[in-house]
Amino acid sequence: MADVVHAFAVPIHPSSVGLARTELRDVLRPAAQPVALVEDAVLVLSELVANALSHARPTRTDDIGVEVRLVGDRLHVAVTDGGSDSVPEIVPGPGVRPSGRGLFLVDALSDRWWWEPAEHGRTVRAELRCPAAAE
């Protein structure tokens with residue numbers, strides 16, 4: 001399987017979660033990945049974009065950057081936003097709060113996730129293992 005690298009941007013708008021989901025499905029469909037992996041990756045990306053919309057400052061270009069890399073047996077999803085004064089962290093406990101479980105889901109569905117400073121903000125990354133590539 002050839003490596004897939006795809007970068008795109010979505011506007012800082014609530015509709016961007018759906019736009020990012022659609023774009024990711026369109027990128028992964030030709031790569032013939034298992035449906036379960038695609039849906040896990042779509043949910044991870046949804047949560048990362050939603051977190052950027054909820055918690056980050058606008059970027060200099062008023063958009064959120066997304067990068068998808070399918071390399072070997074790993075799928076990398078990255079979201080770059082304008083940064084925040086807070087550090088991305090998992091909210092402990094299930095609770096009954098209406099929000100705050102996004103990174104809990106990202107952590108549960110990905111093999112690992114992390115964040116790092118970006119030129120004008122921050123990038124949150126997640127990595128998922130592709131079962132089809134490991135067989």
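Residues N51 and V124 form no side-chain contact, since every pair of their non-hydrogen atoms from C-beta on lies 4.5 Å or further apart. Two residues are said to be in side-chain contact when any heavy atoms from C-beta on lie closer than 4.5 Å; S15 and L19 meet this criterion. Contact annotation: the side chain of P88 approaches that of W113 to within less than 4.5 Å [non-hydrogen atoms, C-beta and beyond].
Atom CZ of R69 has 12 or fewer neighbouring heavy atoms from other residues, nucleotides or ligands inside a 6.0 Å radius.
Put simply, OG on S110 and CG on L45 are 12.0 Å apart, with the number rounded to the nearest 0.5 Å. In this structure, CZ in R21 is found 7.0 Å from CD in E39, a value given to the nearest 0.5 Å. Note that CG of L37 is 5.0 Å distant from SG of C130, once rounded to the nearest 0.5 Å.
Ionic pairing of R74 and D111 is present here: one or more N-O contacts between side-chain nitrogen and carboxylate oxygen are shorter than 4.0 angstrom. A salt bridge between E116 and R125 is present, with a side-chain N of the basic residue lying under 4.0 Å from a carboxylate O of the acidic one.
Between the side chains of E67 and H76, no donor-acceptor pair of N or O atoms lies under 3.5 Å.
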Show, in sequence, the C-alpha distance, side-chain angles and deciding distance for L28 and R25, and conclude whether the side-chain contact (heavy atoms from CB on, under 4.5 Å) test is met. CA-CA 5 Å; L28 294 179; R25 281 189 182 106; over 6 Å; no

Under the criterion side-chain contact (heavy atoms from CB on, under 4.5 Å), I'd like the reasoning laid out for V68 against V4: C-alpha separation, chi angles, the key distance, then a yes or no. CA-CA 8 Å; V68 178; V4 174; 5.7 Å; no

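Listed by chain and number, the residues in a ring pair (Phe, Tyr, Trp, His ring centres under 6.0 Å) with H120 amount to none (sequence neighbours excluded). Considering only residues two or more places apart in sequence or on other chains, D107 meets the salt bridge (charged side-chain N to carboxylate O under 4.0 Å, His left out) condition with none of them.
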